[in-house]
Structure formats: C-alpha cells, structure tokens
2 protein chains.
Amino acid sequence: MESVLRKYRGKGFKLTPQRIAILKFLDGNTSHPTAEDIYTEIKKKYPTVSFATVYNTVQALRDRGELLEITIDPQRKHFDPNPSAHHHIMCTGCGRIADVFTDYSKALTLPEEVTSEFHVTGNHVDFYGVCSDCRKKTN
Amino acid sequence: MESVLRKYRGKGFKLTPQRIAILKFLDGNTSHPTAEDIYTEIKKKYPTVSFATVYNTVQALRDRGELLEITIDPQRKHFDPNPSAHHHIMCTGCGRIADVFTDYSKALTLPEEVTSEFHVTGNHVDFYGVCSDCRKKTN
DNA sequence: TCCTATCTTGGAATAATTCTATTATATAGT
DNA sequence: ACTATATAATAGAATTATTCCAAGATAGGA
Ligand SMILES: [Mn+2]
Ligand SMILES: [Mn+2]
Ligand SMILES: [Zn+2]
Ligand SMILES: [Zn+2]
C-alpha cells in the first residue's frame, strides 16, 4: 500500500528500497518477527541487505513510536508494528506469539509502596500457554 | 542459613562450595541479579568460578522450580529466587527491578478467541516507570 | 541537477549465553 | 573412613544476538 509510505514522507525519514521493503513486510504483520525473520524476508528481494540495516530501521521506527520491542521471549527480541497498547501470549512449545487486545488497565493498579517509589509509565501483560498445534503434537 | 542448604540435600543436587555460595547469595535476594551480577559476587570468594558454573546452577534451579527467569529487561536476563507468582516494575532510567506482589489473576482473563487456541499456563505483568532516584537526577 | 545529510553495507567488535572436553569432587553405599 | 561414580567445575572455544565503524551510495530538498 502507498499509505504505509505516505506516513513517512517529508519527515526526515529516507525511504530507501530496503526500508520500503521492511515497511511493507511489517505493515499489518501480526507475526511478531525477530530481526532475523525480517532479514530473511528482505533478503529475498534485496540479497545484499545487511543486519545493520534491519536493526537501524527498527530502531528508527521504535524511536518514532511506530514499533514496539517485545520481551516475552527469553531467547530474542521480537518486533511489533502495532504500537497501540495490547498484550501477548507465547506458546511455550513453538514460540509463536499472538496478540491479546483486552484492556486490563483498570485492573492493573499498583500498591502505594510501589507508586510512592515509581512514576509508572506503562505496563504489559505476558501470557504463556500451549497452542493447539503443539497440543496435537505432544498428544 | 543452613535452611537454604537443607532444601537441596539428598535430592541429587550436589552442594559444591560454588553452588552453596550462589544459593546463599540468592537466598532472600530481591535485587533480580543478572548472570554477571552473580558471577561477580561469587568471584569474590571463589576467584576461579566460571560463567558456565553460574549458568549451570541457575538452570538447575530453574528446572527445579526454585528460580525464575525474568524477561522484563530487553538487554539481558535477570534471575529471581522467589518462584511464587508475582510481578515486576523496572525503572527505565537505571534498570532497577522491584517486586509487585498484587494478585491480578482474577482480572487477567482472556477472550474466547485466545482460550480456544491456547491452553493458558501462566502470566506475568511487566510495569515500567521511573524510580525516585532517577527523577531526582533528571530534574 | 546538485548537495549533503542520511542510509547501506561488510565486516569487525561486543556481549550474552551455551557447549565441550578435561579434571575434580560430593555423596551414596560399603 | 574408603571408594566408586555420577555429577559438577573449569577454561576456553563456539554460538548467537546485537551494535559499531568506516567507506561508498543515494534520497530528496534546494
Ligand atoms: Mn502484538
Ligand atoms: Mn521478583
Ligand atoms: Zn505452539
Ligand atoms: Zn531508576
């Protein structure tokens, strides 16, 4: 879609072919890819693309609030092009990460001993479970 | 305390001097140390200790359910010798991680679209904020 | 079209973690 | 207390994730 690119034009964000490919790959992507996932995909069209470009681009997007770093997986970072407040569930079998769009903000209040010490700026709920595919396999 | 060691005697868990030092360091420790934090501490008494021993020991403890891996920090893993269900808040200034003992389990229900796909086994809430020390500094 | 700040790239550097082969030792069983 | 052996400690290499760097390339404003 052109709309993906329109968002970045004239904002001091250079739209190079590699970046455009990354933006298109991320646009609407709910798979929570790792840097390697992105790299592997972009490499199909731009075989000379480097990891540095992938990391540079996700950092630039993160700095603009267009992308989140997900820490749910102890092994590596995952990236999420949906920067709106939501949560995640990871399958402990295959590592797949899915979205959870429930708003828990009302319930996630903190005790006074914490709020007196911290100015709270955000929260994120990690759920863990086993997906249906993995349940079939282990059965 | 001897009680720390008593828990592991006669359970196929060898109590070597290095492990005892690690267990004592972790016992009641609420600082959520990294592997390096543990290594640095144990090295004071056992200068030849290796990272492999630290990682081997925390893995053994994790496998026994005596220790949790905390993923709240995108930079590195932290370890928590308190395996009971609780949550964390990290200061985005200094990286300090504090405990949150509120029980949110009642509120953290998942929509049917998620529960139909995942057998949920656990959850963890990450809070982010700025601690009072860091607020002073930035002011 | 030209200029230049910004980007891309390969490769090196860094950092976190895991692996491997060897040596050492805690502890169960005698 | 002694021994045997399963388990652990160690150094260092390997792996993996991520960042840094210097040199050449280019997007996009003037
Ligand atoms: Mn998401
Ligand atoms: Mn804790
Ligand atoms: Zn799965
Ligand atoms: Zn702080």
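Quick note on labels: first sequence line is chain A, next is B, and so on, each numbered from 1.
- Not one N or O on the side chain of B:Tyr39 forms a donor-acceptor pair closer than 3.5 Å with the backbone of B:Thr53.
- Taking side-chain N and O atoms only, A:Arg19 has no distance below 4.0 Å to OP1 or OP2 of C:dT6.
- In this structure, A:Arg62 places its CZ atom 12 Å from C1' of D:dT18, rounding to the nearest Å.
- Atom-to-atom, NZ of A:Lys43 to P of C:dT9 comes out at 9 Å; the value is rounded to the nearest Å.
- Ranking D:dA27, C:dG10, C:dA26 by closeness to the B:Pro17 side chain, first place goes to C:dA26.
- Nearer the 5' end of DNA chain D, as judged by each residue's closest nucleotide, is the contact made by B:Asn56, out of A:Leu15 and B:Asn56.
- A donor-acceptor contact under 3.5 angstrom links the side chains of A:Asp99 and A:His88, judged on distance only.
- The listed nucleotides are D:dT10, C:dA16, C:dT17; the one nearest the side chain of B:Thr53 is D:dT10.
- Out of D:dT10, C:dT8, C:dG11, the shortest distance to the side chain of A:Ala52 is found at C:dG11.
- Look at B:Arg76 and B:Glu36 and you find no salt bridge, because none of the NZ, NE, NH1 or NH2 atoms lies under 4.0 Å from a carboxylate O.
- Rounded to a whole Å, the OH atom of B:Tyr39 is 9 Å from the P atom of D:dT10.
- With rounding to whole Å, A:Asp73 atom CG is found 13 Å from C:dT17 atom P.
- Of the two residues contacting DNA chain D, namely B:Phe13 and B:Pro47, the nearest-nucleotide position lying further toward the 5' end is that of B:Phe13.
- When the side-chain nitrogen and oxygen atoms of B:Thr16 are compared with OP1 and OP2 of C:dA26, none of them lie within a distance under 4.0 Å.
- Regarding contacts with the backbone of D:dT18, a side-chain N or O of A:Tyr55 is found under 4.0 angstrom from either OP1 or OP2.
- Position along DNA chain C of the nearest nucleotide to B:Gly10 versus B:Gln75 favours B:Gln75 as the more 5'-ward residue.
- For C:dT25, its base sits under 3.5 Å from the side chain of B:Lys14 at one donor and acceptor pair at least.
- Distance A:Phe51 CZ to C:dT14 C1': 16 Å, rounded to the nearest Å.
- For the pair B:Arg64 and B:Phe13, the cation-pi test (distance below 6.0 Å, angle within 45°) is failed.
- The side chain of B:Thr48 contributes an N or O atom lying less than 4.0 Å from OP1 or OP2 of D:dT10.
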For this session: Evaluate salt bridge (charged side-chain N to carboxylate O under 4.0 Å, His left out) for B:Lys136 paired with B:Asp133, printing each intermediate quantity in order.
Result: CA-CA 5 Å; B:Lys136 277 178 214 150; B:Asp133 280 1; 3.8 Å; yes

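- Atom-to-atom, CD of B:Gln18 to P of C:dT25 comes out at 9 Å; the value is rounded to the nearest Å.
- When rounded to the nearest whole Å, the span between NE2 of A:His78 and C1' of D:dT18 equals 14 Å.
- Within the 4.0 Å cut-off from OP1 or OP2 of D:dT19, at least one side-chain nitrogen or oxygen of A:Gln59 is found.
- C:dT18 atom P lies 11 Å from atom CZ of A:Arg76, rounded to whole Å.
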